[in-house]
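Heads up: the structure comes next, in structure tokens.
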Number of protein chains: 2
Amino acid sequence: MARIMDAPLDTAESWLAARGEKLTELRREVLSLLLANHGPIKAYDLLAALQKQRPGASPPTVYRTLDFLVAAGIVHRIDSLQSFVVCPTFHAPHQGVLLVCERCHGVEELDSPLWMETMRRELAGSGFAMNQHELEIKGLCRNCQVVTV
Amino acid sequence: MARIMDAPLDTAESWLAARGEKLTELRREVLSLLLANHGPIKAYDLLAALQKQRPGASPPTVYRTLDFLVAAGIVHRIDSLQSFVVCPTFHAPHQGVLLVCERCHGVEELDSPLWMETMRRELAGSGFAMNQHELEIKGLCRNCQVVTV
DNA sequence: AGCGTAATGTAATGTTATTACACCACCTTC
DNA sequence: GAAGGTGGTGTAATAACATTACATTACGCT
Ligand SMILES: [Zn+2]
Ligand SMILES: [Zn+2]
Ligand SMILES: [Zn+2]
Ligand SMILES: [Zn+2]
């Protein structure tokens with residue numbers, strides 16, 4: 001059961017262990033649901049899914065777990081969608097750019113440290129210290145550019 | 001009274017007229033409050049301010065007006081702060097980058113079309129059509145870099 | 001066993017945003 | 001100048017998103 005999800009979960013477990021933290025049963029369930037969703041999910045949708053297997057789950061249950069996973073770098077919060085998505089490369093140091101489609105609400109993560117470094121330098125010139133971990137760019141994904149509707 | 005605010009309001013009026021839209025009394029009051037605030041303001045804080053001079057104001061009053069002003073390009077919504085800020089250069093075509101300080105929640109708008117064009121091109125390479133009007137970058141402003149607290 | 005900290009449960013509340021429908025002002029057309 | 005359409009606003013209710021505060025449990029350590 002859920003065999004296909006084991007690898008990322010195990011990776012998360014080691015990743016957390018290296019930080020002195022634990023992937024508890026609750027966290028495992030939440031992360032599993034996040035992975036199963038493919039793409040960003042809203043906190044309350046996640047809560048609804050979680051409640052199917054853990055009836056007592058409440059908003060704090062899911063928000064606490066999300067906060068933890070976000071702090072650990074395993075999950076990213078997408079401000080423009082008020083949603084959460086698993087980072088595809090959380091186990092490796094990276095400077096991801098989150099490409100958020102304004103039409104289908106899909107999110108793609110592009111790792112381009114070189115590009116980020118350029119931006120960082122440009123902005124430093126105007127006295128602003130960019131946070132290199134969570135850059136969110138809105139636009140249209142490849143699919144959504146075609147359809148105008 | 002409010003003499004200093006007249007110029008931007010008048011500019012907004014002409015700008016809207018050119019689009020076939022009107023700066024009604026309500027919209028004028030809301031925009032005036034936004035201008036008076038300097039920096040981003042939350043919808044419900046704006047509502048509270050508005051209610052002082054317009055007791056019947058309710059959430060739809062302010063959200064409708066904000067939606068209108070955002071659509072007209074006069075106001076920007078800051079996703080990461082769930083706040084709204086007047087665009088300092090709405091009357092001129094521009095491609096602003098919103099530099100959002102994660103500590104003091106200040107927002108600075110940097111107009112750098114050249115830089116934006118570079119980004120647009122880079123991203124187009126990966127099939128993503130960036131929205132050039134609302135790029136939001138998180139980080140620390142000049143003041144907040146000093147203090148670590 | 002006794003203690004301290006991390007994790008979770010639970011109830012209530014706070015904050016942000018939308019829906020639905022009523023009403024009015026204004027403009028156009030007949 | 002009545003009828004009808006549109007845009008703008010009023011009002012009530014509710015939905016959606018997030019946090020606080022406190023109780024309880026799990027678990028490693030002495
Ligand atoms: Zn990532
Ligand atoms: Zn899309
Ligand atoms: Zn602007
Ligand atoms: Zn600052």
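Every chain is numbered from 1, with letters handed out A, B, ... down the list of sequences. Keep in mind that the numbers below use all heavy atoms, side chains included, and drop hydrogens, waters and symmetry copies.
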Contacts of type salt bridge (charged side-chain N to carboxylate O under 4.0 Å, His left out), residue A/Glu13, not counting sequence neighbours: A/Arg28

Which whole-number value in Å describes the distance from B/Leu69 CG to D/dT9 C1'? 15 Å

Can you name the residues that form a side-chain contact (heavy atoms from CB on, under 4.5 Å) with A/Val30, not counting sequence neighbours? A/Leu26, A/Leu34, A/Leu46, A/Leu50, A/Thr65, A/Leu69

How many Å lie between CD on B/Glu29 and C1' on D/dG8, as a whole number? 14 Å

Would you check if A/Leu35 and A/Ser32 make a side-chain contact, meaning some heavy-atom pair closer than 4.5 Å? no

Can you tell me how far the OH atom of A/Tyr44 sits from the CD atom of A/Gln82, to the nearest 0.5 Å? 12.0 Å

Run the side-chain contact (heavy atoms from CB on, under 4.5 Å) test against A/Arg121 and tell me which residues pass, sequence neighbours left out. A/Glu117

Which residues within residues 42-58 of chain A lie with some heavy atom under 4.0 Å of an atom in DNA chain D? A/Lys42, A/Tyr44

For residues A/Ala72 and A/Trp15, report the shortest heavy-atom separation together with the two atoms involved. O-NE1, 3.0 Å

Rounded to whole angstrom units, what separation is found between the CG atom of B/Leu66 and the P atom of D/dG8? 15 Å

Round to a whole Å and report the spacing from OH of B/Tyr63 to C1' of D/dC17. 11 Å

Report the residue (A/Gln82 or B/Phe68) whose heavy-atom-nearest nucleotide on DNA chain D is the more 5′ of the two. B/Phe68

Using atom CZ of B/Arg28 as one end and atom P of D/dT9 as the other, report the distance to the nearest whole Å. 13 Å

Every protein N/O within reach of nucleotides 20-30 of chain D N/O, cut-off under 3.5 Å:
none

Pair up each side-chain donor or acceptor in residues 83-98 of chain A with any protein partner under 3.5 Å, not counting sequence neighbours, and list the distances.
from    : atom 1 : to       : atom 2 : distance (Å)
A/Ser83 : OG     : A/Leu81  : O      : 2.9
A/His94 : ND1    : A/Thr89  : O      : 3.4
A/His94 : ND1    : A/Ala92  : O      : 2.9
A/His94 : NE2    : A/Glu109 : OE2    : 3.0

With sequence neighbours excluded, give me every salt bridge (charged side-chain N to carboxylate O under 4.0 Å, His left out) pair touching residues 77-95 of chain A. A/Arg77-A/Asp79, A/Asp79-B/Lys138

Determine whether more than 12 heavy atoms belonging to other residues, nucleotides or ligands lie under 6.0 Å from atom CZ of B/Arg142. no

Residue pairs passing the salt bridge (charged side-chain N to carboxylate O under 4.0 Å, His left out) test with at least one member in residues 40-64 of chain B, sequence neighbours excluded, are B/Glu29-B/Arg54

The helix from C/dA1-D/dT30 to C/dC30-D/dG1: angle between its terminal axes, five pairs each, to 10°? 20°

Partners meeting side-chain contact (heavy atoms from CB on, under 4.5 Å) with A/Ser14 (sequence neighbours left out): none

Using a heavy-atom cut-off of 4.0 Å to chain A, what are the terminal contacting nucleotides of DNA chain C, in 5' to 3' order? C/dA7 to C/dA11

Under a 4.5 Å cut-off applied to non-hydrogen side-chain atoms, are B/Pro59 and B/Leu47 in contact? yes

What side-chain donor-acceptor pairs closer than 3.5 Å can you find for residues 124-135 of chain B, not counting sequence neighbours?
from     : atom 1 : to       : atom 2 : distance (Å)
B/Ser126 : OG     : B/Leu123 : O      : 2.9
B/Asn131 : OD1    : B/His133 : N      : 2.8
B/Asn131 : ND2    : A/Glu102 : OE1    : 3.0
B/Asn131 : ND2    : A/Glu102 : OE2    : 3.4
B/Glu134 : OE2    : B/His76  : ND1    : 3.0

